[in-house]
Amino acid sequence: MVSILITAGPTREHLDDVRFLSNGSSGRMGFALATAAVAAGHRATLVLGPVELAPPIGVTVLPVVSALEMQAAAAAAFDGCDVLIAAAAVSDWRPRTRAVGKPPRQPGSLSLELVPNPDIVAGLAQRKGRRVVIGFALESVAAGMPAAIARGRAKLQKKQLDAVVVNLHDTIGSDAAEFVLCHGDGRDEVLPKVDKMVAAAHVVAAAVQLWRTRAAS
Ligand code: C5P
């Protein structure tokens, strides 16, 4: 049994106790990965940002709200895992300050100061040892798949990943999409217009195979 840690869903970066910055991630890809992991007989832990859907059964869920909370929960769970699959849509920035309560609306425009959030998967990959670390690269539809693969591969290098799953941003909220699994050894596996469940099972199987090869060496 392989222990698989998955980050999923969006993060919320609060301006005050009511307002926040976020994105439209549904968490579906992470749920599909966790379901595929459990179906294949593995242990799945989801570090999960705020989503509408109920998580799959048989999965340990660590609920979080902000990127900093996701980073802390993922770091704590990372030590006990064999594989990390980062499917979360982490907010790139957060407001520098968070106000208390709900400050009333003011006339005129308002400037927000945003500071960058940490790159969670890149930080963990730096200390991965023999663990397998896989990321997602959701790229602009306008760029097209060849450019998306190039960008995904650049992320694979920069973040020290073992593989990256490239897809186009029209995937958000949908059930099926084209996925390309770019392996660290240079292979690109194209999964044409498949259901997220099919893609998830493929990604989990590839991660487990890589882990078993490493663990045996
Ligand atoms: O946003 P970006 O395209 O760089 O995301 C690529 C990968 O990095 C995804 O796997 C995502 O979950 C992860 N990521 C992260 N922390 C961030 C930004 C992205 O773990 N702050």
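Since we're looking at a predicted model, the values are computed, not measured. Hydrogens, waters and symmetry mates play no part in the numbers below; they use all other heavy atoms, side chains included. Order of listing sets the numbers, starting from 1, for every ligand and every atom in it.
In terms of heavy atoms, Lys196 sits closest to Ala32 at O-CB, 3.9 Å. The two atoms that bring Asp16 and Gly101 nearest to each other are CB-O, 3.3 Å, heavy atoms only. Of all the heavy atoms in Leu181 and Ala206, the pair that sits closest is CD2-CB, 3.8 Å.
For ligand 1, residues of the protein lying within 4.0 angstrom by heavy-atom distance are Ala86, Ala88, Val90, Pro118, Asp119, Ile120, Val121, Gly135, Phe136, Lys155, Lys159.
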Kindly list each side-chain donor-acceptor pair under 3.5 angstrom involving residues 142-163, sequence neighbours excluded, with atom names and distances?
from, atom 1, to, atom 2, distance (Å)
Arg151, NE, Glu139, OE1, 3.0
Arg153, NE, Asp188, OD1, 3.3
Arg153, NH1, His183, O, 3.1
Arg153, NH2, His183, O, 3.1
Arg153, NH2, Gly186, O, 3.3
Arg153, NH2, Arg187, O, 3.1
Arg153, NH2, Asp188, OD1, 2.8
Lys155, NZ, Glu139, OE2, 2.7
Lys159, NZ, Asp119, OD2, 2.6
Asp162, OD1, Lys128, NZ, 3.2
Asp162, OD1, Arg214, NH2, 2.4
Asp162, OD2, Lys128, NZ, 3.3
Asp162, OD2, Val133, N, 2.8

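With no hydrogens or angles considered, a side-chain donor-acceptor pair links Ser91 and Thr11 at under 3.5 Å.
Counted within 6.0 Å of CG on Leu112, heavy atoms from surrounding residues, nucleotides or ligands total more than 12; the atom is thus considered enclosed.
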